[in-house]
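Reading through the C-alpha cells given below for one structure.
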Amino acid sequence: MLSFGLEDRVAVVTGGSSGIGLATARLLLRGGARVAICGRNAARLEAAARSLGEDAAADCIYAHCCDVLDADAIGSFASSVASELGRADILVNNAGEGRVSTFAATDDEAWRAELDLKFFSVIRPTRAFLPQIEQSEAGSIVCVNSLLARQPEPHMVATSAARAGALNLVRSLATELAPRGIRVNAILIGLVESGQWKRRYATQAAPGQTWEAWTGALAAQKGIPIGRLGKPEEAAHAIIFLASPLASYTTGTFIDVSGGHSHHV
C-alpha cells in the first residue's frame, strides 16, 4: 500500500468542523497523522470531533473553538496544539465562504469584510503556526482556494478579487519560505457539495426532484464537463497529496479540483 508519509505528523485544519475541512481531517487521521481542527461553532466542532473519533484514538484528535481572524485566539490555538498533540508539521488553511454580489451591490464595508476574510484567514493561522512548522523536516502549508481566483464571476466580484489575491499570496509565501524548508501550495475548487448547496436544494428543487437530478442540472447549467458537483473527499485527496512528502518537490502552485470547469490551459 502506498504511504503518504503522514505517520506521526501533526496536522492543523482550520474550518475543520464540516465539508472539505472535515473530510481532510478524516483522511489525515487515516494516514496516521495527529490532527487538530478549529471552527467557530462549538456544537458543530464537538460533533465533528466525535465523528473523527470513529477513525482514530481520542489522543490523536484535538478540537478548539476559535475565530481564525482573531489574532489572540489563533495564537492560543497554536499554543494549545503544541501542548496537546506536539509541534505542527502541516497547516491546512480552509476557513472562508463566498459572497454573492455584483460591483454595484457591494459597498465599502462588504469589500473590507471579504478582503479581510480571504487574506487574514490565511495570514493569521500561518503567522501563528510558522514557528512550529519551520522546525519540521517536512513543513507544508496548503490553502483551500477557489477557481474564482483565475476565473472570476461577475456575480461574485468581491470574492473573485480576494481569491485572486490569496492565490498570489500563496506564491509569495512559497518563495519566501522555501529556504526554510516549508512548501506552500493551494487547491482551486469549483462547485463542491456543501451545506450551502444543500440549503439551496431545499428551497429551489422542484417537487420530487432528487439531489442527484438537481445537482446534475446545475452542473449542466454551469458547463461542468464531468456533469456533477464535486465531493468534499475529492478536494481532500488533493490537499493530502500537496501536504504530504509525496509532493516534496512541489511548491508555489495549485491543483485544479473543478471537474473540468476551468477554461484555462
Side-chain angles (χ1 to χ4, degrees), residues 1-39 44-64 68 77 81 84-96 121-122 125-126 129 132-133 136 138-146 170 182-195 197 226 228-248 250-251 253-259:
M1 179 181 292
L2 178 65
S3 170
F4 278 75
L6 297 172
E7 295 83 359
D8 297 321
R9 302 289 183 191
V10 174
V12 177
V13 183
T14 67
S17 61
S18 63
I20 292 171
L22 181 57
T24 301
R26 194 178 306 281
L27 286 177
L28 286 163
L29 285 168
R30 290 175 179 172
R34 301 189 296 279
V35 179
I37 61 173
C38 72
R44 188 160 53 187
L45 196 65
E46 183 179 351
R50 287 198 303 270
S51 174
L52 292 172
E54 299 170 3
D55 294 285
D59 60 359
C60 290
I61 304 164
Y62 176 62
H64 185 96
V68 296
F77 177 44
V81 168
E84 295 289 335
L85 299 180
R87 183 202 66 224
D89 302 283
I90 296 165
L91 172 63
V92 179
N93 288 313
N94 173 61
S121 64
V122 173
T126 300
F129 283 96
Q132 297 180 40
I133 296 172
S136 173
S140 177
I141 299 170
V142 184
C143 300
V144 179
N145 204 329
S146 166
V170 165
I182 301 170
R183 297 180 302 104
V184 188
N185 293 288
I187 67 165
L188 301 187
I189 61 170
L191 275 64
V192 174
E193 293 180 4
S194 65
W197 286 116
I226 284 185
R228 62 175 176 81
L229 272 60
K231 300 182 183 302
E233 294 77 14
E234 292 172 314
H237 291 157
I239 293 169
I240 297 300
F241 168 71
L242 289 173
S244 78
L246 287 182
S248 58
T250 301
T251 194
T253 191
F254 62 86
I255 294 178
D256 182 315
V257 189
S258 69

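Here, residue 1 is the first one in the sequence, and each next residue gets the next number. The model shown is predicted, which means the values in this text are computed figures rather than measured ones. Reckoned from all heavy atoms, side chains included, excluding hydrogens, waters and symmetry mates.
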Taking the six-membered ring for Trp, are Tyr62 and Phe77 parallel (under 30°), tilted (30 to 60°) or perpendicular (over 60°)? parallel

Atom pair CD1 (Ile240) and CG (Leu246), whose distance is rounded to the nearest 0.5 Å: 10.5 Å

Ser140 side, atom OG; Ile182 side, atom CD1 - distance, nearest 0.5 Å: 9.5 Å

Return the minimal non-hydrogen interatomic distance between Gly86 and Gln132, and the atom names on each side. O-OE1, 4.1 Å

Return the CD1 to CZ distance between Ile61 and Arg34, rounded to the nearest 0.5 Å. 12.5 Å

Can you find a heavy atom in the side chain of Leu27 that is under 4.5 Å from one in the side chain of His237? yes

Scanning both residues in full, the closest heavy-atom pair of Leu29 with Ala33 reads CD2-O, 3.5 Å

What heavy-atom pair brings Arg183 and Ser244 nearest, and what distance separates the two atoms? NH2-O, 3.0 Å

If you measure from CG on Leu52 to CG on Leu28, what distance do you get to the nearest 0.5 Å? 10.0 Å

Do the side chains of Val68 and Cys38 get nearer than 4.5 Å, heavy atoms only? yes

Here the gap from Arg26 atom CZ to Glu233 atom CD, rounded to the nearest 0.5 Å, amounts to 8.0 Å

With no hydrogens and no angle check, is any side-chain donor or acceptor of Asn94 less than 3.5 Å from a backbone partner on Val13? no

Atom of Arg9, atom of Ser136 and distance for their closest heavy-atom approach: NH1-OG, 4.1 Å

Side chain proximity check, Phe254 to Asn145, heavy atoms < 4.5 angstrom: no

Do you know which two heavy atoms are closest between Asn185 and Thr251, and how far apart they sit? OD1-CA, 3.1 Å

Is the shortest side-chain heavy-atom distance between Leu91 and Pro125 below 4.5 Å? yes

Could you point out which residue of Ile189, Leu22, Val192 forms a side chain to side chain contact (heavy atoms under 4.5 Å, CB included) with Pro232? Val192

Are any non-hydrogen side-chain atoms of Ile20 and Ile239 less than 4.5 angstrom apart? yes

Identify the two heavy atoms, one from Leu45 and one from Ala63, that lie closest to each other, and give their separation to 0.1 Å. CG-CB, 3.9 Å

Working to the nearest 0.5 Å, report the span between CD1 of Ile187 and CD1 of Ile255. 8.0 Å

